[in-house]
Amino acid sequence: MAKKDVKTASSKGKKAPVAAKAKHRAVAKKSPAAHPKTTHAVHTAKAEEGPKTAPSTKEAKPAKKSAQLDLSKSPEYLFKTFNDTSEIPVSDKIVGQVIGQERAVEVIKKAANQRRHVFLIGEPGTGKSMLGLALAELLPKEKLVDIISFPNPNDENQPLIRTVHAGEGRELVAKARIQTSQVFKNQNILMFILAIIAMIAPWWVRSYYKSDIMFAAFFLGGMMFLAAFIIFINLGKRGSLGKGDSPPKVIVDNYKKEQAPFFDATGAHAGALLGDVLHDPFQSGGLGTPAHERVVAGMIHKAHKGVLFIDEIATLQPHTQQELLSCIQERKYSITGQSERSAGAMVRTEAVPTDFVLVAAGNLETIKNMHPALRSRIRGYGYEIYMNDTMKDSLENRWKIAVFVAQEIKKDEKIPPFSKDAVEDIIEEARRRANRKNHLTLRLRDLGGLIRAAGDLAQEKGDKLVRKEHVIGAKRIARSLEQQIADKFID
Ligand SMILES: Nc1ncnc2c1ncn2[C@@H]1O[C@H](COP(=O)(O)OP(=O)(O)OP(=O)(O)O)[C@@H](O)[C@H]1O
Ligand SMILES: [Mg+2]
């Protein structure tokens with residue numbers, strides 16, 4: 001989810017990109033349908049959660065012919081009476097879109113209220129990432145902050161860390177910039193004047209002494225003087241920057257974000273997760289960039305007051321898990337260079353706040369391989385949830401699959417609505433994939449793939465409604481790799 005800015009649910013446009021980097025695995029797997037869109041919609045939504053959302057007139061766009069259903073009626077009644085999915089209103093909140101995971105949804109709501117960590121264990125495509133986004137969306141709108149690193153006049157290698165209200169960080173830095181630039185402006189004017197003198201002087205000397213040798217001497221002398229002057233000024237600039245008058249740097253920027261951030265740190269390397277101090281090859285000559293400007297916040301810092309989501313948490317290096325544990329306990333973590341041989345390793349900032357809610361995801365194998373202390377921490381200060389992978393084949397749950405179809409159509413934005421018999425065929429497929437008598441599968445990402453394939457087929461044919469025949473065609477086309485290989489053997 002999160003992919004578009006997965007990161008994020010957090011910033012309407014920006015957060016996801018950051019998170020996305022870490023997300024290669026998930027990105028590859030996920031459908032383009034993506035939460036980010038959803039997320040975005042969620043932010044702006046006033047609607048109440050759950051499928052009980054009042055039908056919005058906007059949503060009814062594709063359904064000019066058919067009015068939206070009244071969701072206060074029973075699911076059984078709704079399932080029996082609907083004609084096509086354009087009549088089904090879709091919740092604007094992610095938490096209202098999660099299907100078949102009632103217990104998980106309940107726990108996510110509780111975790112959002114109490115700021116508890118959550119560990120989601122379950123099959124792929126059952127909604128774990130979705131629940132993480134839902135949690136970020138539900139987090140109480142605490143005041144977000146910007147985090148800023150300042151030069152430390154007493155110890156250049158220990159930059160100072162301060163927090164200000166979200167949005168104020170940029171202003172503060174802009175003000176500091178103006179002050180320093182004033183000083184340098186005067187120096188620049190001086191340099192300009194000197195440069196002109198150095199240019200004119202040789203010519204004047206030439207006409208006065210009528211000697212080319214004097215010209216050459218003055219010319220070379222002038223150039224050397226200028227070069228020395230520039231080096232001198234730059235040394236002074238660097239020197240003073242390190243000593244405390246260089247402008248601060250915003251390392252966590254929540255400018256114009258009204259919603260709790262969501263960062264997906266799946267597969268992130270240590271630097272991206274824990275923050276880093278960049279290497280500076282000029283460090284020893286005094287020409288380098290001051291330490292506080294080389295500080296880069298990690299996702300644990302950017303997710304401050306929001307959600308840090310980590311799928312397959314056991315794949316993080318044991319050392320990284322250990323550090324993660326310590327920042328969960330302390331709710332703060334100093335940034336230092338991650339590479340031992342870099343100049344950044346000398347630098348260690350004051351503690352930077354990391355008060356996030358951790359949503360860890362994985363399967364049973366993950367539990368075995370993850371750092372035991374980390375798991376016990378999550379268990380002790382949060383919830384563990386085992387995701388459902390099937391649900392009973394009842395009328396009520398069939399209706400949920402119909403709602404799911406409507407949701408996927410809305411997310412996709414391109415495919416036409418499904419007729420009732422097409423939905424019934426999807427339900428039939430959900431029954432088949434459940435591998436359990438009288439149950440429907442909840443591996444909904446895969447089922448979403450079938451919905452999109454059927455939609456594409458209908459669209460190719462120019463049909464305004466996806467019908468049963470499209471779903472049957474899609475089943476044939478969208479066979480999994482394993483099925484295709486099996487087909488080959490049977491042939
Ligand atoms: N319970 C659900 N309710 C509604 N939609 C779902 C549900 N589970 C999955 N989906 C659909 O499948 C997509 C992928 O789900 P999600 O990324 O949350 O799965 P996941 O459990 O995180 O999978 P993975 O373990 O592979 O990361 C969602 O964007 C959504 O469209
Ligand atoms: Mg996921």
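Computed from a prediction, not measured in an experiment: that's the story for all the values here.
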Residues that [X] engages under side-chain contact (heavy atoms from CB on, under 4.5 Å), provided they are two or more places apart:
| X | answer |
| --- | --- |
| R331 | D355 |
| S394 | E396, N397 |
| K475 | D425, E429, L450, V471 |
| D276 | Q338 |

For [X], which residues count as a salt bridge (Lys or Arg N to Asp or Glu O under 4.0 Å) partner, sequence neighbours excluded?
| X | answer |
| --- | --- |
| E102 | K400 |
| E168 | none |
| R467 | D463, E469 |

Just verifying a value: how many Å separate [X] [atom1] and [Y] [atom2], rounded to the nearest 0.5 Å?
| X | Y | atom1 | atom2 | result |
| --- | --- | --- | --- | --- |
| T320 | L325 | OG1 | CG | 12.5 Å |
| F263 | I310 | CZ | CD1 | 13.0 Å |
| D146 | E171 | CG | CD | 9.5 Å |
| E293 | K249 | CD | NZ | 7.5 Å |
| L324 | H371 | CG | NE2 | 10.0 Å |
| D393 | H439 | CG | NE2 | 9.0 Å |

Tell me every residue that passes side-chain hydrogen bond (donor to acceptor under 3.5 Å, both in side chains) with [X], counting only those two or more places apart in sequence or in another chain.
| X | value |
| --- | --- |
| Q158 | none |
| N363 | T366 |
| R103 | none |
| R375 | E384 |

Can you see which heavy atom on [X] is nearest to which on [Y], and at what distance?
| X | Y | result |
| --- | --- | --- |
| G132 | F309 | CA-CD1, 4.1 Å |
| L457 | G473 | CD1-C, 3.6 Å |
| A434 | T390 | O-CG2, 3.7 Å |
| P353 | I147 | CG-CD1, 3.8 Å |
| A136 | A260 | O-CB, 3.6 Å |
| D311 | A361 | OD1-CB, 3.4 Å |

Using distance only, find each side-chain donor-acceptor pair of residues 416-424 under 3.5 Å and give its atom names and separation, not counting sequence neighbours.
from	atom 1	to	atom 2	distance (Å)
S419	OG	D421	OD1	2.5
S419	OG	A422	N	3.3
S419	OG	V466	O	3.2
K420	NZ	F79	O	2.8
K420	NZ	K80	O	2.7

Tell me, please, whether Y381 has R377 positioned over its six-membered ring: NZ or CZ under 6.0 Å from the ring centre and within 45 degrees of its axis?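 Satisfied, under 6.0 Å and within 45°.
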
One pair to check against salt bridge (Lys or Arg N to Asp or Glu O under 4.0 Å): R170 and D253. What are the steps and the verdict? CA-CA 8 Å; R170 289 187 188 192; D253 189 1; 2.7 Å; yes

Above 12 or not: heavy atoms from other molecules or residues under 6.0 Å from [atom1] of [X]?
| X | atom1 | result |
| --- | --- | --- |
| E340 | CD | no |
| Q483 | CD | yes |
| K461 | NZ | yes |

Would you say the side chain of [Y] lies within less than 4.5 Å of the side chain of [X], judging by non-hydrogen atoms?
| X | Y | answer |
| --- | --- | --- |
| D389 | T441 | no |
| I426 | L447 | yes |
| Y383 | F119 | no |
| T349 | T336 | no |
| L160 | S149 | no |
| T354 | F356 | yes |
| I328 | L358 | yes |
| M387 | L131 | yes |

side-chain contact (heavy atoms from CB on, under 4.5 Å) between V252 and H304: does it pass, once the steps are laid out? CA-CA 9 Å; V252 173; H304 180 54; 5.8 Å; no

Between the side chain of [X] and the main-chain N/O of [Y], is any donor-acceptor distance below 3.5 Å?
| X | Y | answer |
| --- | --- | --- |
| R116 | A111 | no |
| Q321 | L316 | yes |
| Q407 | V90 | no |
| E323 | A270 | no |
| T126 | G122 | no |
| Q101 | G127 | no |

E350/K332 under salt bridge (Lys or Arg N to Asp or Glu O under 4.0 Å): CA gap, chis, key distance, verdict: CA-CA 9 Å; E350 285 188 328; K332 57 190 183 198; over 6 Å; no

Classify the ring geometry of H301 against Y333: parallel below 30°, tilted from 30° to 60°, perpendicular beyond 60°.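 Plane angle between 30° and 60°, so tilted.
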
If you apply the rule salt bridge (Lys or Arg N to Asp or Glu O under 4.0 Å), what do you find for E365 with K368, and how did you get there? CA-CA 5 Å; E365 198 60 23; K368 275 189 239 151; 3.3 Å; yes

Quick one, K73 with D70, criterion side-chain contact (heavy atoms from CB on, under 4.5 Å). Give me CA distance, side-chain angles, the key distance, then yes/no. CA-CA 6 Å; K73 299 258 168 38; D70 174 5; 3.8 Å; yes

side-chain contact (heavy atoms from CB on, under 4.5 Å) evaluation trace for V277 with I335: CA-CA 7 Å; V277 180; I335 302 176; 4.2 Å; yes

Residues R476, D487: salt bridge by 4.0 Å N-O rule: no

The test is side-chain contact (heavy atoms from CB on, under 4.5 Å); show your working for I148 and T163 and say whether it passes. CA-CA 6 Å; I148 303 174; T163 55; over 6 Å; no

